[in-house]
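Everything quoted here is computed from the prediction, not taken from an experiment. Heads up: numbering here begins at 1 and tracks the sequence.
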Amino acid sequence: MDPMNQLRKRWENLRASLWFIPALIVAGAVALAVGLIEVDLLGHRDRLVERWPRLFGAGAEGSRGLLSAIAGSMITVAGVTFSITVVAMTLASSQYTSRILRNFMRDRANQTVLGVFVGVFAYCLIVLRTIRGGDEGAFVPALAVLVAVLLALVAIGFLIYFIHHIAASLQATNIIDSVATETLQAVDRLFPAEVGQPDDEQEGETLESEVELASRVWITIPARKTGYIQGIAAEALLDVARRHSIVVRMERGIGDFVIEDSPLASVAGKQPDDDDVRQVNGAYSVGRHRTVHQDAGYGIRQIVDVALKALSPGINDTTTAVICVDYLGAILARLAARKVESPYRSEQGQLRLICRGPTFASLLADAFDQIRQNAAGNVAVLARLLEVLAILAARTADPKRHLALLQHADLIAEAAERSVPLAHDRATIQAARDRVFLRPPV
């Protein structure tokens with residue numbers, strides 16, 4: 001696997017775990033406890049007791065009782081926090097979609113709160129074991145005990161914040177906004193704004209190249225793993241093509257599910273050997289699930305799933321479905337005026353790599369097709385879909401994208417004609433459909 005893809009995959013797995021951030025906080029708490037104990041061992045305790053007896057004058061028994069109480073409380077609260085998190089994930093999964101569970105697990109606030117409680121518990125254990133009573137060798141790390149009290153107060157603040165955060169995070173708007181924000185970041189990363197409008201001339205060259213490539217002999221390279229493609233190192237594939245003077249064509253793109261021994265890529269110009277197969281497979285990052293980092297379509301997929309759940313007869317939440325359409329419109333509006341790079345990569349005039357990636361039309365279909373199909377008879381959702389299409393039509397001057405938008409508008413109007421019984425409601429939807437055609441691009 002490409003080193004960068006491997007590092008990115010490991011980082012995504014760490015971010016999605018409930019143990020990484022808490023483990024770092026526990027390590028920091030242990031280091032803090034050891035450091036403060038060493039400060040007390042330097043002999044500053046007597047001076048501290050003399051100057052602030054009420055803060056540093058606790059005896060061995062009192063310090064033990066205090067630390068035991070704090071440690072017991074923190075581990076209990078940590079257990080309650082974990083239980084609340086699991087309950088929240090269960091509710092979100094049943095109410096919205098199971099695809100958003102990773103967002104809850106990746107939530108830094110939940111990870112940090114859990115880490116603080118466990119960290120204070122570990123801190124108290126380390127300090128507690130150093131306290132000695134009796135006449136011989138008595139030792140009470142007064143500064144460390146005081147810091148334990150302060151940490152307990154900080155933990156109380158984190159508990160209050162956690163209750164507020166978990167209540168807010170279960171609201172549909174916040175869940176959808178979180179997914180949309182991550183997807184917009186992926187759009188900015190994958191389709192930079194500075195590249196400008198689509199280049200029609202380049203697209204024409206692409207069509208000519210496809211005709212020429214049809215006559216080539218393509219030899220498939222099989223996949224060595226089963227799973228979803230999470231990332232592709234295009235530079236690594238280009239390097240393979242450059243070194244062997246061949247053309248590499250992706251048969252599977254980001255977000256696709258690939259089965260072991262099924263076609264992953266194809267090469268033309270040379271019979272691939274085992275080393276070629278290994279290097280091409282190494283450029284692909286394959287895992288058990290999709291991620292948004294290189295796959296903006298997966299962010300769209302999550303919002304669509306929330307909308308479909310809201311439109312189901314068991315939920316019947318039109319407002320949530322409309323919110324989903326609004327955020328899908330925001331994502332597509334960000335992309336509407338941006339160029340999707342040509343799939344062809346050349347070097348010194350020689351074609352070397354044919355990529356496989358999303359287009360504006362494919363992302364538009366991913367966003368609206370299933371919502372339209374499941375919103376039959378729902379005037380509010382169908383009308384909002386058309387309003388978003390009108391906004392998108394005004395954001396792009398590309399004729400191909402306009403054609404895709406108009407095709408979706410016609411499909412929505414046709415769905416309304418068949419499923420909406422009242423003439424007044426059909427007229428409302430027809431008027432919204434006409435605005436897609438009439439609104440001029442900016």
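At a threshold of 4.5 Å between non-hydrogen side-chain atoms, the residues Ile246 and Asp276 do not count as touching. Phe104 places a side-chain heavy atom less than 4.5 Å from the side chain of Ile175. In this structure, Thr183 and Tyr327 have side chains that are not in contact, with every pair of non-hydrogen atoms separated by 4.5 Å or more. Residues Val118 and Pro22 have side chains not in contact (no heavy-atom distance under 4.5 Å, counting atoms from C-beta outward). Side-chain contact between His402 and Thr396 is present, with heavy atoms from C-beta onward closer than 4.5 Å. Residues Arg224 and Val277 are in side-chain contact: their nearest non-hydrogen atoms beyond the backbone lie under 4.5 Å apart. At least one side-chain heavy atom of Arg352 sits under 4.5 Å from a side-chain heavy atom of Ser245. Looking at heavy atoms from C-beta onward, Arg334 lies in side-chain contact with Asp188 at the 4.5 angstrom threshold.
Of the candidates Asp369, Asn374, Leu328, Val304 forms a side-chain contact (heavy atoms from CB on, under 4.5 Å) with just one, namely Leu328. Across Leu67, Val145, Ile70, a single residue satisfies side-chain contact (heavy atoms from CB on, under 4.5 Å) together with Leu128, and that is Leu67.
A distance of 7.0 Å separates OG1 of Thr112 from CZ of Phe158, quoted to the nearest 0.5 Å. Annotation: the span from Thr220 atom OG1 to Glu251 atom CD amounts to 8.0 Å, rounded to 0.5 Å. Taking CG of Leu406 as the start and CG of Leu389 as the end, the distance is 9.0 Å to the nearest 0.5 Å. Once rounded to the nearest 0.5 Å, the distance linking CD1 of Ile303 with CD1 of Ile331 reads 3.5 Å. Leu382 contributes atom CG, which lies 11.5 Å from atom CG of Leu411 (distance to the nearest 0.5 angstrom). A distance of 11.0 Å separates CG in Leu114 from CD1 in Ile21, rounded to the nearest 0.5 Å.
In this structure, Asp275 places its CG atom where more than 12 heavy-atom neighbours from other residues, nucleotides or ligands lie under 6.0 Å away.
Of all heavy-atom pairs spanning Cys324 and Val306, the tightest one is SG-CG1, 3.7 Å. Minimum interatomic distance between Pro358 and Val340 (heavy atoms only, all atoms of both residues): O-CG1, 3.3 Å. Scanning all heavy atoms of the two residues, the minimum distance from Asp295 to Gly255 falls at OD2-CA, 3.3 Å. For the residue pair Asn281 and Ala223, the shortest heavy atom distance occurs at OD1-CA, 3.4 Å.
Residue pairs that meet the salt bridge (charged side-chain N to carboxylate O under 4.0 Å, His left out) test with at least one member in residues 228-244, sequence neighbours left out, are Asp239-Arg242, Asp239-Arg243, Arg242-Glu347. Note on residues 168-179: no pairs pass salt bridge (charged side-chain N to carboxylate O under 4.0 Å, His left out), not counting sequence neighbours.
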Does the pair Arg106 and Glu182 meet the rule for a salt bridge (Lys or Arg N to Asp or Glu O under 4.0 Å), with working shown?
CA-CA 12 Å; Arg106 295 174 59 191; Glu182 187 177 17; 2.7 Å; yes

Does the pair Phe82 and Leu18 meet the rule for a side chain to side chain contact (heavy atoms under 4.5 Å, CB included), with working shown?
CA-CA 10 Å; Phe82 182 76; Leu18 283 174; 4.0 Å; yes

Could you please spell out the steps behind the salt bridge (Lys or Arg N to Asp or Glu O under 4.0 Å) verdict for Asp305 and Arg301?
CA-CA 6 Å; Asp305 285 346; Arg301 175 76 265 165; 2.9 Å; yes

Under the criterion side-chain hydrogen bond (donor to acceptor under 3.5 Å, both in side chains), I'd like the reasoning laid out for Gln111 against Asp107: C-alpha separation, chi angles, the key distance, then a yes or no.
CA-CA 6 Å; Gln111 297 172 355; Asp107 192 332; over 6 Å; no

Test salt bridge (Lys or Arg N to Asp or Glu O under 4.0 Å) on Asp326 and Arg384; report intermediate values, then the result.
CA-CA 8 Å; Asp326 290 338; Arg384 188 55 184 159; 2.4 Å; yes

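Using modelled atom types, one finds a donor on one side chain and an acceptor on the other under 3.5 Å when comparing Asp434 with Gln430.
Using the six-membered ring where Trp is involved, Tyr161 and His165 have ring planes that are parallel, under 30° apart on the 30 and 60° scheme.
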